[in-house]
Novice: 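I have a structure here, written as structure tokens, and I will follow up with some questions on it.
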Amino acid sequence: MALRATIYRCDLTVSDLDRHVYGQHALTLARHPSETEERMMVRLLAFALHADSALVFGPGLSSEDEPDLIRRDATGTIDLWIDVGLPDEKAVRKACGRARQVVVLAYGARKVDAWWQDNTAALARHANLGVFTLTGDETAALQRLAARAMTLTCTLQDGQVWLASAAQTVELAPQRLR
């Protein structure tokens with residue numbers, strides 16, 4: 001018998017002072033059996049960073065060549081493709097060909113540096129690609145916010161992110177690599 005996804009629910013309030021985007025989102029996150037809570041929370045952060053009523057979670061780990069989050073326009077064209085982790089350069093290249101904008105939110109402590117060194121030249125060719133990274137401490141702090149039922153508030157200003165539950169606040173500063 002195959003293992004099933006674990007369902008997490010999150011009521012997320014976003015106040016993005018940089019983009020002037022404010023909203024409340026009732027999110028359902030399916031955590032694949034092979035996905036860590038850390039990765040799931042990075043996906044949630046990626047949603048908060050790009051919050052939009054048209055942004056949805058993709059099939060993620062269960063389907064290759066599909067984004068973790070995706071936003072399509074009214075014609076079905078992919079406006080935004082978001083991957084979290086350390087995707088293969090070929091997958092990023094394909095995504096850049098299919099979407100108007102591609103964002104990679106890389107995490108994994110020291111592995112990010114090696115991944116970036118190995119892929120910098122190839123990724124530099126894509127004008128529609130943005131790459132951001134989180135530290136190991138930041139993703140560990142994110143993971144501590146994880147619960148099957150979450151109520152979170154996210155405030156974004158000047159590149160700083162504050163993600164808060166009733167019990168704690170996590171401050172993050174995603175660094176732009178590209």
Novice: Is it the case that over 12 heavy atoms from other parts of the model lie below 6.0 angstrom from the CD atom of Gln168?
Specialist: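 More than 12 heavy atoms, drawn from other residues, nucleotides or ligands, come within 6.0 Å of this atom.
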Novice: Have a look at His50 and tell me which of Val21, Val103, Leu45, Val14 forms a side-chain contact (heavy atoms from CB on, under 4.5 Å) with it.
Specialist: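 It is Val103; the other options fail the test.
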Novice: Walk me through it: do Asp83 and Trp81 pass the test side-chain hydrogen bond (donor to acceptor under 3.5 Å, both in side chains)?
Specialist: CA-CA 7 Å; Asp83 275 330; Trp81 176 298; 3.1 Å; yes
Novice: Could you give the distance from CG (Leu12) to CG (Leu44), rounded to the nearest 0.5 Å?
Specialist: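 Atom-to-atom, Leu12:CG and Leu44:CG are 6.0 Å apart.
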Novice: How many angstroms lie between CG in Asp16 and CG in Asp52, if you round to the nearest 0.5 Å?
Specialist: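 Atom-to-atom, Asp16:CG and Asp52:CG are 11.0 Å apart.
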Novice: Under 3.5 Å, is there a donor on one side chain and an acceptor on the other for Glu138 and Tyr107?
Specialist: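 No donor-acceptor contact under 3.5 Å links the two side chains.
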Novice: To the nearest 0.5 Å, how far apart are CE in Met41 and CD in Gln143?
Specialist: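 Rounded to the nearest 0.5 Å, the CE-CD separation comes out at 9.0 Å.
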Novice: Please report the shortest heavy-atom distance between Asp18 and Gly159, naming the atom on each side.
Specialist: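 It is OD2-N, 3.5 Å.
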Novice: From His32 NE2 over to Thr6 OG1, what is the distance, rounded to the nearest 0.5 angstrom?
Specialist: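 If we round to the nearest 0.5 Å, His32:NE2 and Thr6:OG1 are 10.5 Å apart.
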Novice: Tell me which one of Gln101, Arg100, Arg72 satisfies side-chain hydrogen bond (donor to acceptor under 3.5 Å, both in side chains) with Asp79.
Specialist: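 Between Asp79 and the candidates, side-chain hydrogen bond (donor to acceptor under 3.5 Å, both in side chains) is satisfied uniquely by Arg100.
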Novice: Taking atom CD1 of Ile7 and atom CZ of Arg148, what is their separation to the nearest 0.5 Å?
Specialist: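 If we round to the nearest 0.5 Å, Ile7:CD1 and Arg148:CZ are 8.0 Å apart.
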Novice: Does this structure show an ion pair linking Arg39 with Glu35, if we count only N-O contacts that are shorter than 4.0 Å?
Specialist: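 Yes, this pair counts.
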Novice: Side-chain donor-acceptor pair under 3.5 Å between Trp115 and Asp113, yes or no?
Specialist: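 No pair is found: no donor N or O on one side chain lies under 3.5 Å from an acceptor on the other.
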Novice: Tell me whether Val92 is reachable from Leu80 by hopping between hydrophobic residues (I, L, V, M, F, W, Y) whose side-chain heavy atoms are closer than 4.5 Å.
Specialist: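 No; Val92 is not reachable from Leu80 via cluster members.
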Novice: Ala46: which residues meet the side-chain contact (heavy atoms from CB on, under 4.5 Å) condition with it, sequence neighbours left out?
Specialist: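 side-chain contact (heavy atoms from CB on, under 4.5 Å) check on Ala46 returns Leu69, Ile82, Val84, Leu105.
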Novice: In terms of the angle between their ring planes, are Phe47 and Phe57 parallel, tilted or perpendicular, with boundaries placed at 30° and 60°?
Specialist: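 The arrangement is parallel - the two ring planes meet at less than 30°.
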Novice: Any heavy-atom pair between the side chains of Leu152 and Asp11 that's under 4.5 Å?
Specialist: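 Heavy-atom side-chain distance check fails, nothing below 4.5 Å.
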Novice: Can you list the residues that meet the ring pair (Phe, Tyr, Trp, His ring centres under 6.0 Å) rule with Phe132, with sequence neighbours excluded?
Specialist: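 For Phe132, no residue satisfies ring pair (Phe, Tyr, Trp, His ring centres under 6.0 Å) once neighbours in sequence are set aside.
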Novice: For residues Thr13 and Tyr22, determine if any side-chain heavy atom of one lies less than 4.5 Å from a side-chain heavy atom of the other.
Specialist: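 No. Closest side-chain heavy atoms not under 4.5 Å.
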Novice: Out of curiosity, does Val112 fall in the hydrophobic cluster containing Val42 (side-chain heavy atoms, cut-off under 4.5 Å, transitive links)?
Specialist: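 No, no single cluster joins them.
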Novice: Using side-chain heavy atoms (C-beta onward) and a distance below 4.5 Å, is Thr151 in contact with Ser165?
Specialist: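 No, too far: nothing below the 4.5 Å cut-off.
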Novice: Any donor and acceptor pair, going by atom type alone, linking the side chain of Thr77 with main-chain N or O of Asp73 inside 3.5 Å?
Specialist: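 Not confirmed, Thr77 side chain does not pair with Asp73 backbone.
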Novice: Quick one: pull up CG in Leu27 and CZ in Arg9 and give me the separation to the nearest 0.5 Å.
Specialist: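 Output value for this atom pair is 11.0 Å.
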Novice: Quick one: does Arg19's side chain have a donor or acceptor within less than 3.5 Å of a partner on Ala51's backbone?
Specialist: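 Yes, the answer is positive, given that a donor and an acceptor are paired below the 3.5 Å cut-off.
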Novice: Do the non-hydrogen side-chain atoms of Arg71 and Ile78 ever get within less than 4.5 Å of each other?
Specialist: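 No, side chains not in contact.
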Novice: Are the side chains of Pro174 and Thr133 in touch, meaning some heavy atoms are under 4.5 Å apart?
Specialist: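 Side chain of Pro174 against side chain of Thr133, heavy atoms only: no contact under 4.5 Å found.
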Novice: Spell out, as yes or no, whether a donor-acceptor pair under 3.5 Å connects the side chain of Arg178 to the backbone of His126.
Specialist: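 Yes; at least one donor-acceptor contact below 3.5 Å.
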Novice: If only atom types and distance count, is the side chain of Gln157 paired as donor or acceptor with the main-chain N or O of Thr155 below 3.5 Å?
Specialist: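 No.
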Novice: Using the rule that Ile, Leu, Val, Met, Phe, Trp and Tyr join whenever any side-chain heavy atoms are under 4.5 Å apart, tell me whether Leu129 and Leu55 fall into a single cluster.
Specialist: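 Each belongs to a different hydrophobic cluster.
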Novice: Using only heavy-atom distances, determine whether the side chains of Glu38 and Thr139 contain a donor-acceptor pair under 3.5 Å.
Specialist: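 Result is yes, a qualifying pair exists.
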Novice: Within the distance-only criterion (no hydrogens, no angle test), does the side chain of Asn128 pair as donor or acceptor with the backbone N or O of Cys96 below 3.5 angstrom?
Specialist: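 At least one qualifying donor-acceptor pair exists.
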Novice: Do Leu49 and Leu156 come close enough that some side-chain heavy atom pair is under 4.5 Å?
Specialist: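 SC-SC contact between Leu49 and Leu156 confirmed.
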Novice: Have Thr135 and Asp137 got a donor and an acceptor in their side chains that come within less than 3.5 Å?
Specialist: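 Distance-only check fails for Thr135 and Asp137.
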